[in-house]
Amino acid sequence: MNFWRFLLKMDRRIIFVLVGLAVATPLVVPLNLPVRVTEPVRRLYRAINEIPSNSKPVIISVDYDPSTVPELRPMTLAVLRHCFRRKIPVIVITMLPAGAGLARDAMETVASEFPGSSYGKDFVYMGYKPGASLVMVGIGQDFQGTYPADGFGKPSAELDILKGLHNYDDIAMVLDFTGSSIYESWIMFAYQKYGCKVGAGVTAVMASDAYPYLNTGQLVGLLGGLSGAAEYEQLINWPGNATIGMDAQSVVHILIIVLILLGNIAYFVTRKKHGAAQVAGQGQKGSS
Amino acid sequence: MTGLELFWTWVAAFLTLSIYSFLYKDNVFYKIAEHLVVGVSVGYIFTINWFQGLHPYLFHPLAKSGQEPINLLRLIPFFLGLLFLLRISRKYNWLSRFTIALVMGISCGVSIPYTIEARLIEQTKASMIDFTQQPSIWAGICSAIILVGTIATLVFFFFSKEHKGVLGGTARVGIVFIMVGFGASFGYTVMARVSLLIGRLNFLINDWAKGTYHFIFG
């Protein structure tokens with residue numbers, strides 16, 4: 001068996017090992033490859049930078065479950081850090097039951113990094129509430145009617161951050177981090193119905209679907225996958241897990257490109273030889 | 001890292017490796033981890049739904065309905081919700097259709113106008129180019145590409161006439177744009193899947209291996 005045939009019949013477990021090594025090696029020995037900030041990420045950064053400090057709060061909707069944590073948690077933390085650093089009040093909510101613990105964990109992680117911030121004044125966790133679309137519409141009608149208590153059962157009326165907050169008019173922006181199409185519902189209800197700005201952080205799989213909303217101005221900015229998170233970490237100058245992971249991401253992409261090229265070359269080379277052999281075989285049959 | 005944290009880190013590492021062992025072949029460790037994921041997920045989601053959904057918004061207000069009779073109105077959605085459970089009855093499963101119809105009706109009524117606005121009208125508006133309003137030549141070229149791509153792709157999905165002549169040529173251009181779209185999606189998908197692997201290997205290397213080393217050797 002020659003090299004090209006070996007490539008085509010190679011045990012897929014060899015590829016698994018190669019990919020595993022390509023990911024693990026940069027994690028152990030960082031390459032510190034540069035991360036270039038793209039315009040969609042910069043737009044979200046600028047939009048958050050334009051929100052005055054200690055003014056209207058932002059809603060951060062943590063709509064992901066453990067299956068997409070490696071991509072979405074770094075961007076949630078990066079944006080939360082940016083808001084906390086700029087003293088923008090933050091309301092953390094989730095539309096997924098599996099996201100409740102993750103939302104609370106992300107909020108508490110960042111809050112612990114800013115000792116001056118206080119719960120109920122600078123940030124609040126409203127927890128999970130069923131019926132995503134109706135919750136979004138409800139926020140537009142009466143926030144405290146929709147969320148009579150926070151995620152710990154404390155009445156909303158007793159929380160400083162929610163005093164004077166009636167609907168989307170009193171909210172600077174909605175930021176949704178999700179591995180599903182919930183961000184489209186935020187666009188429809190928060191932006192289209194009530195005119196509230198919406199930004200999104202989505203998994204890389206969904207990023208290409210989200211670009212049309214960015215292009216039409218329905219999203220103020222967009223973070224796509226781990227690279228989006230790493231770019232945002234660059235902008236706030238706070239390297240985290242996304243920046244660490246981007247070295248591995250680059251190495252694996254090179255590996256996959258090489259494998260795709262080799263696979264295609266092997267396919268065409270073996271097909272050519274196979275075709276030539278078939279023609280030769282037919283010629284022999286014809287002469288005999 | 002405390003001893004308890006290290007214990008749970010080891011449990012997580014064991015489950016991660018159990019799941020990845022499937023890449024070699026199906027085995028009992030993979031099965032254990034798989035069943036654990038399903039069981040824990042269902043239990044967790046039920047608990048969250050109870051404590052952050054059913055209890056605060058239904059059962060707790062109903063228990064206080066003696067003081068606030070208006071809370072009795074919550075019996076209506078409660079009853080409609082119970083009808084959902086009749087799906088498991090062969091005789092009475094038709095009753096669940098009332099609830100399904102209500103949910104479908106409300107969802108459609110709430111969503112359709114804004115779906116059309118967000119997905120159709122806004123997208124159509126963005127495809128219309130005013131060459132006098134472009135901030136740069138490059139922006140104008142990009143807008144032109146979007147316009148050509150939108151029209152050519154729409155033509156590709158126009159099946160009422162055979163794709164020949166001008167129509168066929170435009171449809172072929174549409175295929176090119178569709179393929180570029182698929183390529184972009186594939187690239188992003190690879191990045192997403194690799195990100196998940198990075199997340200797990202990052203945990204195994206930095207949290208599990210290094211955490212254990214530091215716990216033992218200080």
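Keep in mind it's a predicted model, so treat the numbers as computed, not measured. These values consider heavy atoms only, across backbone and side chains, with no hydrogens, waters or symmetry-generated copies. Every chain is numbered from 1 and lettered A, B, ... according to where its sequence line falls, protein lines coming before strand lines.
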Neighbour count above 12 (heavy atom, 6.0 Å) for A:F152 CZ = yes
Which pair of heavy atoms, one from B:Y44 and one from A:A100, lies closest together, and at what distance?
-> OH-C, 4.2 Å
Identify which of B:R119, B:M191, B:K125 forms the greatest number of heavy-atom pairs closer than 4.5 Å to chain A.
-> B:M191
Check whether any side-chain heavy atom of B:V110 lies under 4.5 Å from a side-chain heavy atom of A:F189, and answer yes or no.
-> yes
Minimal heavy-atom distance between B:N202 and A:L27, with the atoms involved, is N-CD1, 3.6 Å
Taking every heavy-atom pair that is under 4.5 Å apart, which of A:P212, A:G127, A:G225 has the most such pairs with chain B?
-> A:P212
Hey, which of B:I106, B:L196, B:T189, B:N206 has the most heavy atom pairs under 4.5 Å with chain A?
-> B:L196
Members of residues 191-201 of chain A whose heavy atoms come closer than 4.5 Å to chain B = A:Q192, A:K193
Heavy atoms only: give me the nearest B:S185-A:S208 pair and the separation to one decimal.
-> OG-OG, 3.3 Å
Choice from B:L201, B:V103, B:V37, B:L204 maximising heavy atom contacts with chain A below 4.5 Å | B:L201
Heavy atoms only, distances under 4.5 angstrom: which of A:A242, A:S185, A:G245, A:G224 has the most pairs with chain B? Name it, please.
-> A:G245
Among A:E71, A:K129, A:Q249, which residue forms the greatest number of heavy-atom pairs with chain B at distances under 4.5 Å?
-> A:Q249
Residue by residue, which of residues 11-19 of chain A have a heavy atom closer than 4.5 Å to a heavy atom belonging to chain B?
-> A:R13, A:F16, A:V19
How long is the gap from CD1 on A:I256 to CZ on B:R193, to the nearest 0.5 Å?
-> 12.0 Å
Please determine, among A:M246, A:M206, A:E184, the option with the most heavy-atom pairs under 4.5 Å with chain B.
-> A:E184
Could you tell me which non-hydrogen atom of A:Y213 sits nearest to which non-hydrogen atom of B:A118, and how far apart they are?
-> CE2-O, 3.9 Å
With a 4.5 angstrom heavy-atom cut-off, could you sort out which part of B:L23 is near chain A: side chain, backbone, both or neither?
-> both
Check each atom of B:F51 against the heavy atoms of chain A and say whether the ones under 4.5 Å are side chain, backbone, both or neither.
-> neither
Please check if atom CZ in B:F98 has more than 12 non-hydrogen atoms from other residues, nucleotides or ligands closer than 6.0 Å.
-> no
Side chain to side chain contact (heavy atoms under 4.5 Å, CB included) assessment of B:Q123 paired with A:Q218 = CA-CA 10 Å; B:Q123 307 295 344; A:Q218 297 181 85; 3.8 Å; yes
Reported CG-to-CD1 distance for the pair A:D65 and B:I45, which is rounded to 0.5 angstrom | 7.5 Å
Rounding to 0.5 Å, atoms OH (B:Y188) and OG1 (A:T203) come to a distance of 11.0 Å
Greater than 12 external heavy atoms within 6.0 Å of B:I137's CD1 = no
Specify which of B:S195, B:S41, B:G199 makes the most heavy-atom pairs with chain A at under 4.5 Å.
-> B:S195
Atom group of B:T47 that falls short of 4.5 Å from chain A, counting heavy atoms | neither
Is the number of heavy atoms from other residues, nucleotides or ligands under 6.0 Å of B:M104 CE greater than 12?
-> no
Any side-chain heavy atom of B:N49 within less than 4.5 Å of one from A:Y128?
-> yes
From B:F203 atom CZ to A:N241 atom CG, the distance as rounded to the nearest 0.5 Å | 12.0 Å
More than 12 non-hydrogen atoms from neighbouring residues, nucleotides or ligands closer than 6.0 Å to CZ on B:F29, yes or no?
-> no
What heavy-atom pair brings B:F186 and A:I260 nearest, and what distance separates the two atoms?
-> CE2-CD1, 4.1 Å
Could you look at B:Y20 and say if it's the side chain, the backbone, both or neither that has a heavy atom under 4.5 Å from chain A?
-> neither
Tell me, side chain or backbone of A:L134 under 4.5 Å from chain B's heavy atoms, or both, or neither?
-> side chain
